[in-house]
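Below, all heavy atoms of this structure are taken into account, side chains as well, without hydrogens, waters or symmetry copies. Chain letters run A, B, ... following the sequence lines, proteins first and then strands; every chain starts at 1.
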Amino acid sequence: MGLRVYNTLSKSKEEFIPLEPGKVRFYVCGITVYDYCHIGHARSAIVFDVIYRYLCHLGYQVTYARNFTDIDDKIIRRANELGTDYRTVADRFIAAFYEDMDALGILRPDLEPLATDHIPTMIRIIERLIAKGIAYQSGTDVYFEVERFPGYGKLSGRSLDEMLAGARVEVDVNKRNPLDFVLWKGSKPGEPVWDSPWGPGRPGWHIECSAMGCEYLGETFDIHGGGKDLIFPHHENEIAQSEAAFGVPFVRYWLHNGFVNINNQKMSKSLGNFFIIRDFLKQVHPEALRLFVLSKHYRSPVDFNDENVAEAEKGIERFYGTLAAIQARTPADATPKMTDQALRQQDEELFSLAAALPEAFEAAMNNDFNTALAIGHLFSLQRRLQRFLDQFGQKQLKGAGAVLARRAAAVLVEYAGLLGFLTRNPESFFDEQRKLKLGSTGMTEAEVEGFLELRHRARLAKDFTEADRLRKELEARNILIEDTPQGTRWRVGSRSEA
RNA sequence: GGCGGCAUACCCAAGUGGCAAGGGAGCGGUCUGCAAAACCGUUAUUCACCGGUUCAAGUCCGGUUGCCGCCUCCA
């Protein structure tokens, strides 16, 4: 069965049929670049990154566009606070955005347009709306007249009457209807300006995405994504502008990701429970964050707290632990020239699980990107694989056993890779993980190694009292020891173990 | 007030009418000098509650309760 996606527009799961067979035109609302990104942005970025990866995996030729809103009230305000200009602020936070996204392992979209590079397109659309009598100039501003667009409210599921009854819209003397929204706003002194037929000014927020979407993906495209909060008014207004201007459906499938809560509270600056990606990644590995985010369905809210994050950390360590064991205990040149029959004889269940993973994984993902179920399949394979390894005690694997283990691990890594994790060498992962966590212990790597050396000598001398004392001393600092045939390893306990 | 969503074990969580995935935590065991890690076993006769449809309901329909989001910038 093919891909099915939940479409916010129809409020139901639909079979995904792209406009043009084999091709997908995909647009995701990018950020307004006036501050550092927080973990809510991280969730959205990870979710749409996985959707992008998976569409590519299915063989679609995907054109993926994600914009930057680089002119906006908030950017201007920030520039004034910092005593600089809007361009400096925008460029600075675009650079910061890339640093954060790269750290999270987010693939770059094919197109990353800046709003300010597309003002002529926006002006053309606005002119068209005015010519059709759907937009009007009022003072130095231009507004979209919502009552002239019959479908207004179809995405968010409200009618104009209901919205007006909500009575939380400000009455503006310039507007014919309080719900009319600005397409072009005249500039105030000192603000950045662009020339337009209505005088100097700058575009409204909503028209940016309509312009960049149609310029790169066409008047109708396949998928438009964003956070749930964008459904109204941003995406509702995009539909109104684009469909009123071009007379064709704007987007076939609307996908919206759910929010991140912090300890069951809405994340907000006033509550002070804001986590910035770059700060968070000083404590938690990016792949743990990915596992955490993808362990829940993308449309559900997720609760971000120490315990939930620690679970994800343990999960990612579990996967890499198995990969490390395989690397240590099977020859890298394990010959792949084995018949399936020979491998199956080694471990029927492991062989079957590995062989069935692609189909199981795709069945999960095809059901509206059920990453949580897909991850469940990955864990099942990991556990069976680890169990297979443990059957040999601590011995090296040879022959068909080694090939089977390597092959199962390769499948695991390939499919985890579609979710953007298990992308590292296991040794690199554990090294990164130790370095990340060391900061919280107040110890340096050299100091830990010193302790381990002393303990090693004590153990050789069979002085277990001293060895255990040293281990306890490290444990007190949340440094945990594991003795393995390859030597003593150490790691820093998660925050919940501390 | 209007619109929408959610409720599954100690916790997180999947579940598109047909024996309740997966992870964490706990308990018992194997391994270990002892641990840790890992593995094995175990932990929901039941899915907020009440009705209904059906041979069959966590899943569909109606109602009740509780929680959450949006309606204003917001991923």
- Note on the structure: Regarding the side chain of D483(A), the nearest nucleotide among rA35(B), rA37(B), rC39(B) is rA35(B)
- Message: Taking rA57(B) as the reference, what is the distance to rA20(B) when you measure between their P atoms (whole Å, please)?
- Response: 12 Å
- Message: If I pick the P atom on rC47(B) and the same atom on rA7(B), what distance separates them, to the nearest angstrom?
- Response: 14 Å
- Side chain of E311(A) (C-beta onward), nearest among rG33(B), rC11(B), rA21(B): rC11(B)
- Item | Among rA75(B), rC73(B), rG2(B), the one nearest P233(A) by side-chain distance | rC73(B)
- Round to the nearest Å and state the distance from R299(A) atom CZ to rC6(B) atom P. 8 Å
- Using the C1' atom on both, measure rG28(B) against rC61(B) and round to a whole Å. 46 Å
- Choosing from rC39(B), rA36(B), rG33(B), which nucleotide comes nearest the side chain of R318(A)? rC39(B)
- Shortest non-hydrogen contact from L412(A) to Q382(A)? CD2-CB, 4.2 Å
- Side-chain donor/acceptor of D229(A) to base of rG69(B), under 3.5 Å: no
- Message: What I want to find out is whether D73(A) reaches R202(A) closely enough, with some N-O distance under 4.0 Å, to be called a salt bridge.
- Response: yes
- Sticking with atom P, work out how far rA21(B) lies from rU42(B), rounded to a whole angstrom. 13 Å
- Task: Test for a donor-acceptor pair under 3.5 Å between the base of rG33(B) and the side chain of R459(A), counting only N and O atoms.
- Result: yes
- Item | K314(A) NZ - rG23(B) P separation (whole Å) | 14 Å
- Query: Between R4(A) and N366(A), is there a donor-acceptor pair closer than 3.5 Å when you use the side chain of the first and the backbone of the second?
  - Reply: no
- Taking a pair to mean Watson-Crick or G-U wobble geometry with both distances below 3.5 Å, rC3(B) pairs with rG69(B)
- Item | Interatomic distance, D161(A) CG vs rC71(B) P [rounded to whole Å] | 19 Å
- Task: Could you tell me whether R43(A) contacts a base, only the sugar-phosphate backbone, or nothing, with contacts defined as non-hydrogen atoms closer than 4.0 Å?
- Result: nothing
- Counting any heavy atom closer than 4.0 Å, what does H297(A) reach on the DNA or RNA strands: base, sugar-phosphate only, or nothing? sugar-phosphate
- Task: Return the value, rounded to whole Å, for the distance between atom CD of E349(A) and atom C1' of rC39(B).
- Result: 13 Å
- Task: Pick base, sugar-phosphate or nothing for Q386(A), based on heavy-atom distances below 4.0 Å to the nucleic acid.
- Result: sugar-phosphate
- Please give, in whole Å, the distance from rG33(B) C1' to D463(A) CG? 12 Å
- Item | rC39(B) versus rU45(B) - spacing of their P atoms, nearest Å | 26 Å
- Side chains of Y54(A) and E362(A): do they bring a donor and an acceptor to under 3.5 Å? no
- Item | Between rG18(B) and rA56(B) - C1' atom distance, rounded Å | 7 Å
- Using a heavy-atom cut-off of under 4.0 Å over every strand shown, decide if F48(A) touches base, sugar-phosphate, or nothing. nothing
- Message: Roughly how many Å apart are rC71(B) and rG58(B), using the P atom of each and rounding to a whole number?
- Response: 37 Å
- Message: Check this for me: K188(A), atom NZ, are more than 12 non-hydrogen atoms of other residues, nucleotides or ligands nearer than 6.0 Å?
- Response: no
- Given rG15(B), rG24(B), rC70(B), the nucleotide with the shortest approach to the side chain of K266(A): rC70(B)
- Is the closest basic N to carboxylate O distance between R77(A) and E81(A) below 4.0 Å? no
